[in-house]
Amino acid sequence: MRRLTRDELAGDSLDVARQLLGTVLRAGDVAVRLVEVEAYRGFDDPAAHSYRGRTPRNEVMFGPAGFLYVYFVYGMHFCANVVCATDGVASAVLLRAGEVVDGIDTARARRPHSRSDNELAKGPARLTAVLGIDRADNGIDLTDPAAPIGLFAGDPVPDEQIRTGPRVGVAVAMDVPWRFWVDGSKAVSGYRRGGKRRTAAAQR
DNA sequence: ATGAGGATCCTCT
DNA sequence: GAGGATCCTCATA
């Protein structure tokens, strides 16, 4: 298997998101085929962590493409992104779900509550749990052959199998279809709208 | 120094 | 479908 190059991961997050479907993320003996991702783009996307400028947490998003951006949410979960824009413009793709294609025993051991193998990496925090990704992995260069985590080329997903829709769990910019998934995969997570900031119009 | 609010998951009903 | 777990991050003061 071949690692993706920085050139392949650099560009508009919408394009990179599509291209990431079908690729394989490996950490140690566990590998996951990505089937669901979301694009977050820099300064003009109110749902992106980078929207309000550079902070210690989102610093990796402002660096070069091909790096892993890991953040902590809800007091107990980690989510992983691939940085995809070049210096100065912060954009990233959230890795939302995948199918475990290697290291199934380790994956099951890390997700004891999973009722089926389809659920092992069905959701962004489940995906990081299966791969053993946490805060310590923030800022890893996925394109470095020596890096402990890598992103590898897989069988390309045909366009007609790619579906799009609004992003999960965000309460702003709900009109843009920046979530991409592989139609028919049982590892794709369900849609859920964001919980806060509901306007009076949206409630009725 | 403080407080509000999460790019979620799990366990009920 | 609702609620709790749990603590970091950032904005305000």
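Below, chains carry the letters A, B, ... as their sequence lines are ordered, and counting in each starts from 1.
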Interatomic distance, Asp134(A) CG vs dT8(B) C1' [rounded to whole Å]: 16 Å

Choosing from dA11(C), dT8(B), dC10(C), which nucleotide comes nearest the side chain of Arg57(A)? dC10(C)

Minimum side-chain heavy-atom gap Ile140(A)-Phe67(A) below 4.5 Å: no

His49(A) atom NE2 is separated from dC8(C) atom C1', nearest whole Å, by 12 Å

Does Arg115(A) reach a base, just sugar-phosphate, or nothing at all? Heavy atoms under 4.0 Å. nothing

Options dT6(C), dA7(B), dC9(B), nucleotide nearest the side-chain atoms of Met76(A): dT6(C)

Ala125(A) side-chain proximity, nearest of dT8(B), dA7(B), dT11(B): dT8(B)

Looking only at the side chain of Arg126(A) (C-beta and beyond, no hydrogens), which of the listed nucleotides dC10(B), dT8(B), dC8(C) gets closest? dC10(B)

According to the Watson-Crick and G-U wobble definition with distances under 3.5 Å, which dot-bracket string, read 5' to 3', encodes DNA chain C, using [ ] for crossing pairs and | for pairs with another strand? |||||.||||||.

Under the criteria of a ring-centre distance below 5.5 Å and an interplanar angle below 30°, is Tyr74(A) stacked with the base of dT8(B)? yes

Nearest-angstrom distance from the residue atom CE of Met174(A) to C1' of dA7(B): 13 Å

From NE2 of His77(A) across to P of dT8(B) the rounded distance in Å is 9 Å

Rounded distance in Å - OH (Tyr51(A)) to C1' (dT9(C)): 19 Å

Of Ser114(A) and Val170(A), the one whose nearest nucleotide on DNA chain B sits closer to the 5' end is Val170(A)

Under 4.0 Å from OP1 or OP2 of dC10(C): is there any side-chain N or O of Arg54(A) that close? no

Pick base, sugar-phosphate or nothing for Arg179(A), based on heavy-atom distances below 4.0 Å to the nucleic acid. nothing

Salt bridge present between Arg33(A) and Asp155(A) (N-O < 4.0 angstrom): no

Side chain to side chain, Leu9(A) and Leu20(A), heavy atoms closer than 4.5 Å: yes

Arg115(A) CZ: over 12 foreign heavy atoms closer than 6.0 Å: no

Whole-Å distance between dA2(C) C1' and Arg192(A) CZ? 13 Å

Judged by modelled atom types alone, do Ser13(A) and Arg41(A) share a side-chain donor-acceptor pair under 3.5 Å? no

Lys/Arg N to Asp/Glu carboxylate O, Asp144(A) vs Arg3(A), below 4.0 Å: no

Under 4.0 Å, counting only non-hydrogen atoms across every strand here, what does His113(A) touch: a base, just sugar-phosphate, or nothing? sugar-phosphate

Please name the pair of heavy atoms, one in Ala107(A) and one in Val130(A), separated by the smallest distance, quoted to 0.1 Å. CB-CG1, 3.9 Å

Of Val73(A) and Thr55(A), the one whose closest nucleotide on DNA chain C sits nearer the 5' end is Val73(A)

Does the dA7(B) base have a donor-acceptor partner in the side chain of Tyr71(A) within less than 3.5 Å? yes

Can you check the Arg111(A) CZ to dT8(B) C1' distance for me, whole Å? 11 Å

Would you say the side chain of Tyr71(A) lies within less than 4.5 Å of the side chain of Leu94(A), judging by non-hydrogen atoms? yes

Separation of atom CZ in Phe78(A) from atom C1' in dC9(B), rounded to whole Å: 14 Å

